[in-house]
Amino acid sequence: MFIGHYGPAAAVAGKQIKLWHGFVAVQVLDILWAPFVLADIEQIRIVENFTQSNHFDLYHMPYTHSLPAALIWSTLGGLAFIAMKPSAGRRGGIIIGLLIFSHWLLDFIMHKPDLLLWYGGPKVGLGLWDNRPVTMIMEIGFLLAGMLIYLRATTANGKWGRIAPAMLVLTLVGAQITANFGPPPPSVNDAAQTALIAFGVAALIAFWCDQTRQSRQ
Ligand SMILES: [Zn+2]
């Protein structure tokens, strides 16, 4: 999954958990995955139309996308958040941990069986990526549902408070359509770098939203 990951982040954003915190959290596994691929610690290969929705055979991702790894990164991420933002408290740490883990659950729905259940165990994935219309509905639907909850939980400080979330949604939907309908990337490294840039841009626009809107509570 790609932009659909941001739905849960937007749904819980408000006072303690900023939108940009959630936007980083839900992509932690992929933010780690990209440098792991660049360093050849994890491996993918580009196979044109490997699924209806993308061109990636994600055949070796034990350190970021296995179930045990996802649980460990979620725990560490939650603890790191408490350490960096003590005011968010234990509750904030748990929410961030759950957001990090939500990535694995949504990947499980979309991916072909490439997610290790345990080391030496089977690989799982329901494979919805093989249906492009359903993929688009899931990705955009999750994002929009989360953003609607965010818009209701917060209020705009002037016109930029309305423009920023609209820009965020338009940018993400544009990125999703490019990813699902575009040609295969020229190389694996190119794909990993593009992913990192996309996560960075999304987090930056989310940060902008945080500056232009405030919690209703
Ligand atoms: Zn992932």
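Atoms within a ligand are numbered from 1 in the order they appear, just like the ligands themselves. Sequence positions, counted from 1, serve as the residue numbers for this chain.
Below 30°, between 30° and 60°, or above 60°: for Phe101 and Trp104 the angle between ring planes is below 30°, a parallel geometry.
Within the sub-2.8 Å shell of the Zn ion (ligand 1), the protein contributes these N/O/S atoms: Asp30 OD1, His65 NE2, His103 NE2, Asp107 OD2.
Each of Thr171, Ile177, Leu143 was scored for a side-chain contact (heavy atoms from CB on, under 4.5 Å) with Ile3, with one residue passing: Leu143.
A cation-pi arrangement is present between Arg45 and Tyr59 under the rule of less than 6.0 angstrom and at most 45 degrees off the ring axis. Both tests do not hold together for Lys18 against Phe207: distance to the six-membered ring centre under 6.0 Å, angle to the ring axis within 45°.
Residues Gln16 and Phe81 come closest through the heavy atom pair O-CZ, 4.5 Å.
No side-chain donor from either of Asp210 and His21 sits under 3.5 Å from a side-chain acceptor of the other.
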